[in-house]
Structure formats: structure tokens, C-alpha cells
Participant: 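Let me begin by handing over the structure; questions about it come next.
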Amino acid sequence: MSVNNAMGVRRFGRVNWLGLWTLMQREVLRFMNVWSQTIMAPLINAGLFLLIFTIAIGSQRGDVMGVPFMHFLAPGILTMTVIQNAFANSSSSLTSAKVQGNIVDTLMPPLNAGELVAGYIAGAVARGLLVAVVIAIGVWLALGVGMQHPLWVFVFVILGAVFMGSLGLIAAIFANKFDQLAAISNFIVTPLSFLSGTFYSIDALPPVLNKLSHVNPFFYIIDGVRYGMIGVSDGSPWRGLWVALLACALVISICWYWFNKGYRLKA
């Protein structure tokens with residue numbers, strides 16, 4: 001009896017499913033409590049992007065890759081919005097805990113590094129998926145853009161949210177205040193998401209920039225969603241799938257290692 005109740009001994013199997021589920025619920029409820037900012041605001045921003053491009057150049061721009069320009073643009077805006085929200089969810093949650101000094105409430109419960117990373121990423125994925133569904137419905141109603149290959153859309157949206165949720169954790173571990181987190185978002189995440197084929201086909205880029213785009217994981221995620229929605233893409237969705245999987249594995253491994261070591265999280 002004394003052995004079973006010893007402090008520090010896990011008594012719930014290899015995975016603390018209850019603790020993991022609780023952390024996931026906390027992350028989901030966190031953004032759902034302010035749904036007007038986390039769900040409606042992205043929808044409005046995506047709608048404004050489409051409206052501005054429609055007014056400015058939509059009627060003058062010819063087809064891109066054989067489809068109307070606005071149809072080509074819609075998947076890019078959807079994916080860009082998803083990855084930015086996934087990044088914001090995990091990064092703001094962990095940074096808030098560090099800034100407010102309640103990070104101990106997350107680190108002390110019987111959750112190992114893998115369970116902590118999974119819980120935070122699950123919240124980012126939930127927010128990304130919800131944003132994707134809302135924008136997809138809006139795009140279908142406004143432009144008539146449906147889903148040519150729904151499974152590809154689902155897979156790449158999930159991978160994009162996982163990748164950006166993990167990057168959000170990495171950024172939050174580095175950042176000690178919101179100013180530093182905003183700098184990472186403004187000078188790294190936003191440029192990479194904008195310069196990844198969101199608004200254009202990379203075939204239109206000069207050779208050097210074209211090659212650089214193939215190093216950017218964001219490009220493969222956006223290109224995969226575009227293929228799933230309108231059936232055209234700059235590259236093979238299978239190659240994009242492998243690149244996205246490798247990118248996710250890399251950033252998740254870094255997150256797990258830093259959580260396991262307590263890097264910049266524990267005194």
C-alpha cells in the first residue's frame with residue numbers, strides 16, 4: 001500500500017488520459033470564452049482580404065493556373081488564417097502563464113512532457129479546425145468554392161495547425177514577455193506565411209525566390225490545401241505531405257525536449 005501511494009509514482013498507466021483531457025479542455029475553453037475574437041475576427045479578416053482583392057484586381061486579373069483568381073486566392077487565405085490562429089493559441093497560452101507567474105499550475109500536475117505538448121497542440125488544432133470550417137463555409141457561400149478533395153484539405157489543415165501550434169510553443173518558451181512574442185510573430189511568422197504562395201503561384205517568382213519557397217514548410221501546407229479545395233497546385237500534394245510531416249516531427253521533438261528539460265520554464 002505504501003508503495004502504491006509513494007509520491008512521484010504514476011498510478012494511472014503510461015498515459016495520464018484524465019490529465020491530458022483536462023489540459024485539452026482548458027485550451028479549448030480558453031479560446032471559446034472569447035469566440036468573438038478567436039472565431040469571428042478571423043472570419044471578418046478573411047472576408048476583408050477577399051473583398052479588397054475583388055475590388056482592387058479581381059475583375060482585371062486573369063485566371064491563375066486555369067482557375068479564377070479569387071478561387072485561387074481563397075485556399076491561401078483560409079490556410080494563412082488557420083496557421084496564424086494555431087500559432088496564436090499555443091503561444092499566447094504559454095506566454096500568459098509565464099508572464100502571470102502561474103506556469104507552475106501547468107508544470108506541477110502529473111503530466112509528462114509529451115502530455116503537456118499534446119495538450120497545448122490539441123488546443124491549437126481545435127482552434128485551427130474551427131476557423132477553417134467557418135471560413136470554408138463563408139468562401140462556399142460567397143464564391144461557390146467547395147472541396148475537390150476534402151480529405152487532402154483536412155489532412156493539410158491538421159498538419160498546418162500542428163506545425164504552427166508547435167512553433168507557437170517554441171516561440172513562447174523563448175519569449176519572456178508579450179513584446180518578444182509579438183516580435184517573433186511579426187518578423188518571422190507573418191512574412192513566412194505571406195511569402196509562401198498565399199496570394200500568387202510561385203511559378204511567377206524569379207528562380208532564386210522560387211527555390212527559396214521550396215524550403216518554406218508554409219508553402220507546402222498552403223499548396224496542399226489549395227489542391228484539396230480547387231484541384232490545382234504548384235507541386236505534388238504527396239511531396240507536400242512528406243515535407244509537412246517531417247516539419248511537424250522536427251518542431252514537436254524540439255517542444256518535447258525543452259518541456260522535458262524545463263528549458264526557460266523552470267527556475
Participant: Evaluate the ring planes of Tyr227 and His149, with Trp represented by its six-membered ring, and classify them as parallel (under 30°), tilted (30 to 60°) or perpendicular (over 60°).
Facilitator: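 The rings of Tyr227 and His149 lie parallel, inter-plane angle below 30°.
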Participant: What I'd like to find out is whether the side chain of Val82 reaches to under 4.5 Å of the side chain of Met164, using heavy atoms alone.
Facilitator: no
Participant: Have Arg30 and Ser92 got a donor and an acceptor in their side chains that come within less than 3.5 Å?
Facilitator: yes
Participant: Check this for me: Phe154, atom CZ, are more than 12 non-hydrogen atoms of other residues, nucleotides or ligands nearer than 6.0 Å?
Facilitator: no
Participant: Can the ring centres of Phe53 and Phe199 be said to be less than 6.0 Å apart?
Facilitator: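 That pair passes the under 6.0 Å test.
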Participant: Do Leu169 and Ile121 have side chains that get closer than 4.5 Å, going by heavy atoms?
Facilitator: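 Yes; the side chains approach each other to less than 4.5 Å.
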Participant: Donor-acceptor pair, Ser166 side chain versus Val162 backbone, under 3.5 Å?
Facilitator: yes
Participant: Going from CG on Asn176 to CG on Leu181, what distance comes out if it is rounded to the nearest 0.5 angstrom?
Facilitator: 11.0 Å
Participant: Which heavy-atom pair separates Pro237 from Phe156 by the least distance, and what is that distance?
Facilitator: O-CZ, 3.4 Å
Participant: Do Leu246 and Val157 share a hydrophobic cluster (ILVMFWY, side-chain heavy atoms under 4.5 Å, transitive)?
Facilitator: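 No: no chain of side-chain contacts under 4.5 Å links Leu246 to Val157.
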Participant: Quick one: pull up CG in Leu94 and CD in Glu27 and give me the separation to the nearest 0.5 Å.
Facilitator: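 Between Leu94 CG and Glu27 CD, I get 9.0 Å after rounding to 0.5 Å.
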Participant: Please assess Arg226 against Thr79 for the test side chain to side chain donor-acceptor pair (under 3.5 Å), listing each intermediate value before the final yes or no.
Facilitator: CA-CA 9 Å; Arg226 179 171 287 127; Thr79 313; over 6 Å; no
Participant: Nearest heavy-atom pair of Pro42 and Val131: which atoms, and what distance?
Facilitator: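 Of all heavy-atom pairs spanning Pro42 and Val131, the closest is CB-CG1, 4.0 Å.
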Participant: Mind checking the CG-CG spacing from Leu50 to Asn45? Nearest 0.5 Å is all I need.
Facilitator: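 Nearest 0.5 Å value for the CG-CG distance: 11.0 Å.
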Participant: Please check if Met24 and Trp17 belong to a single hydrophobic cluster, counting links between Ile, Leu, Val, Met, Phe, Trp and Tyr side chain heavy atoms closer than 4.5 Å.
Facilitator: yes
Participant: Distance from Leu245 atom CG to Leu159 atom CG, nearest 0.5 Å?
Facilitator: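 Rounded to the nearest 0.5 Å, the CG-CG separation comes to 5.0 Å.
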Participant: Any sub-3.5 Å donor-acceptor pair from Glu115's side-chain atoms to Gly19's backbone N or O?
Facilitator: no
Participant: Is it the case that more than 12 heavy atoms not belonging to Trp256 sit under 6.0 Å from its CH2 atom?
Facilitator: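 It does not: Trp256 CH2 has 12 such atoms or fewer within range.
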Participant: Under a 4.5 Å cut-off applied to non-hydrogen side-chain atoms, are Thr81 and Leu43 in contact?
Facilitator: no
Participant: Walk me through it: do Ile230 and Met65 pass the test side-chain contact (heavy atoms from CB on, under 4.5 Å)?
Facilitator: CA-CA 10 Å; Ile230 61 177; Met65 300 175 67; over 6 Å; no
Participant: Answer yes or no: is there a donor N or O on one side and an acceptor on the other, between the side chain of Ser91 and the main chain of Ala172, under 3.5 Å?
Facilitator: no
Participant: Quick check against the 3.5 Å criterion: does Asn85 have a side-chain atom that pairs as donor or acceptor with the backbone of Gly128?
Facilitator: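 It does not hold such a pair.
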Participant: Could you walk me through whether Val243 and His214 pass the side-chain contact (heavy atoms from CB on, under 4.5 Å) check?
Facilitator: CA-CA 10 Å; Val243 172; His214 285 87; over 6 Å; no
Participant: Determine whether Leu250 and Ile188 fall in the same hydrophobic cluster, where Ile, Leu, Val, Met, Phe, Trp and Tyr are linked whenever their side-chain heavy atoms lie under 4.5 Å apart.
Facilitator: yes
Participant: Give a yes or no on this: more than 12 heavy atoms of other residues, nucleotides or ligands lie within 6.0 Å of atom OH of Tyr257.
Facilitator: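 Counting other residues, nucleotides and ligands, OH of Tyr257 stays at 12 neighbours or fewer.
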Participant: Report the residues that fulfil ring pair (Phe, Tyr, Trp, His ring centres under 6.0 Å) with Phe31, sequence neighbours left out, ordered by chain and then residue number.
Facilitator: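 Scan of Phe31 (ring pair (Phe, Tyr, Trp, His ring centres under 6.0 Å), adjacent residues dropped) gives none.
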Participant: Would you mind telling me which of Leu192, Asp223, Thr198 makes a side chain to side chain contact (heavy atoms under 4.5 Å, CB included) with Phe218?
Facilitator: Leu192
Participant: Check whether Lys98 reaches the backbone of Ile173 with its side chain - one donor and one acceptor, N or O, closer than 3.5 Å.
Facilitator: yes
Participant: Between Met40 and Ser36, what is the shortest heavy-atom contact and its length?
Facilitator: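 For Met40 and Ser36, the tightest heavy-atom pair comes out as CB-O, 3.5 Å.
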Participant: Closest heavy-atom contact between Ala124 and Gly165?
Facilitator: CB-CA, 3.8 Å
Participant: Can a donor-acceptor pair be found, under 3.5 Å and without considering hydrogens, that links the side chain of Ser196 to the backbone of Ser193?
Facilitator: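 Such a contact is found between Ser196 side chain and Ser193 backbone.
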Participant: Where do Ser213 and Phe219 come nearest, in terms of heavy atoms and distance?
Facilitator: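 Closest pair (atom of Ser213, atom of Phe219, distance): O-CB, 3.5 Å.
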Participant: Please find the pair of heavy atoms, one from Ser201 and one from Asp234, that lie closest to each other, and give the distance.
Facilitator: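 Of all heavy-atom pairs spanning Ser201 and Asp234, the closest is OG-OD1, 2.6 Å.
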Participant: Could you tell me the separation between the CE atom of Met32 and the CZ atom of Arg127, rounded to the nearest 0.5 Å?
Facilitator: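 It comes to 11.0 Å.
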Participant: If hydrophobic clusters are built from ILVMFWY residues whose side chains come within less than 4.5 Å, do Trp238 and Val155 share one?
Facilitator: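 Yes; Val155 is reachable from Trp238 via cluster members.
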Participant: Say whether Ile252 and Tyr263 are linked into one hydrophobic cluster, either directly or through other cluster members, by side-chain heavy-atom distances under 4.5 angstrom.
Facilitator: yes
Participant: Go through Asn216 and Leu212 one step at a time and tell me if the side-chain contact (heavy atoms from CB on, under 4.5 Å) criterion holds.
Facilitator: CA-CA 7 Å; Asn216 184 357; Leu212 288 176; over 6 Å; no
Participant: Distance from Leu20 atom CG to Asn112 atom CG, nearest 0.5 Å?
Facilitator: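 Rounded to the nearest 0.5 Å, the CG-CG separation comes out at 9.0 Å.
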Participant: Kindly determine whether Trp258 and Ile170 satisfy side-chain contact (heavy atoms from CB on, under 4.5 Å), including the steps that lead there.
Facilitator: CA-CA 9 Å; Trp258 283 354; Ile170 293 174; 3.6 Å; yes
Participant: May I ask you to test the Pro75-Ile222 pair for a side-chain heavy-atom distance under 4.5 Å?
Facilitator: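 A side-chain contact is absent here, since even the closest heavy-atom pair is not under 4.5 Å.
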Participant: Quick one: are Arg26 and Thr106 in side-chain contact, heavy atoms under 4.5 Å?
Facilitator: yes
Participant: Between His71 and Leu143 (side chain of the first, backbone of the second, donor and acceptor by atom type, cut-off under 3.5 Å), is there such a pair?
Facilitator: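 Confirmed, His71 side chain pairs with Leu143 backbone.
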Participant: Is NZ or CZ of Arg239 both nearer than 6.0 Å to the six-membered ring centre of Tyr220 and within 45° of the ring axis?
Facilitator: no
